[in-house]
Amino acid sequence: MTTTEIAVPPKRAGRPYATAGALVGGLAFGVLTNLAQGWLPGSWNQIPNSGAVWSVAAFVAGALLAGRVPRVGLAVAGLAAELALVVGYYGYAEFGRDGMGALYWPLVWVAMACVAGPVFGIAGGWWRQGGTTRQRVLGLAALAGVFGMEGIHYAWSLHYMTQASVCLAVLVLVPLLMARSHRERALTLLTALSFSLLAYVLVMGSLGSLGG
């Protein structure tokens, strides 16, 4: 057997395991968020069912796989995590509760997962092992910004001020606690604020039109 025959690039060899791990993790997280909706009182049960919390699955998948798979692998892992999360959430609703109802909203969230999964998978990888300040800032700002978006939604649309305060606190704490330097903290926070407003207009506007 020659060297050429046995040489397998580590990143390529790890892709199936990375995708499988993302699927299992996303599935478990989907079930957990459904359970949390039943555990949390009143309007607090909105939070585990939010796009911000669901985006964490893809971000964590990308962060855990940073340096082990190429960028496309991060995107695939993020997509796998988000799709599995939707399956876990609605699967538990169907078989563990009173049923998930019509297929309309599950299909909407599947479509959203196809966009958010790759984006947040790459964002998690960029935050953990981004080769430039720009990558690290954009990656972390994506996570902080989606919580900012939820905070605006809770405050402006739903008038849940306590829940809005929690999400906006996450918007601030993510850059402060997870960025590498004072400069990156400031850049991440400023970028996240911009992302929050942009995401609110684009994402919440689209979901509002679908729900209307």
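Bear in mind that the values here come from a model prediction, so they are computed numbers and not experimental data.
Environment of CZ in Arg183: sparse, with no more than 12 heavy atoms of neighbouring residues, nucleotides or ligands closer than 6.0 Å. Annotation for Arg134: atom CZ does not count as buried by contact number, only 12 or fewer foreign heavy atoms lying within 6.0 Å.
Looking only at distances, no side-chain donor or acceptor of Thr188 sits under 3.5 Å from a matching main-chain atom of Arg185.
Counting heavy atoms from C-beta on, the side chains of Trp109 and Leu85 never come closer than 4.5 Å. Looking at Leu171 and Leu193, their side chains come closer than 4.5 Å, going by heavy atoms from C-beta outward. Put simply, the side chain of Asn34 does not reach to within 4.5 Å of the side chain of Pro48, judged on heavy atoms. Under the 4.5 Å side-chain criterion, counting only non-hydrogen atoms from C-beta, Tyr154 is not in contact with Leu168. Here the side chains of Pro106 and Met100 are in contact, with some heavy-atom distance below 4.5 Å. A heavy-atom distance below 4.5 Å is not found between the side chains of Val115 and Met112. Side-chain contact between Phe147 and Val172 is absent, with no heavy-atom pair separated by less than 4.5 Å.
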Requested in this report: Give the C-alpha distance, both sets of side-chain angles, the deciding distance and a yes or no for side chain to side chain contact (heavy atoms under 4.5 Å, CB included) between Thr33 and Asn49.
Outcome: CA-CA 6 Å; Thr33 56; Asn49 191 32; over 6 Å; no

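Between Tyr89 and Trp54, the gap from one ring centroid to the other is short of 6.0 Å.
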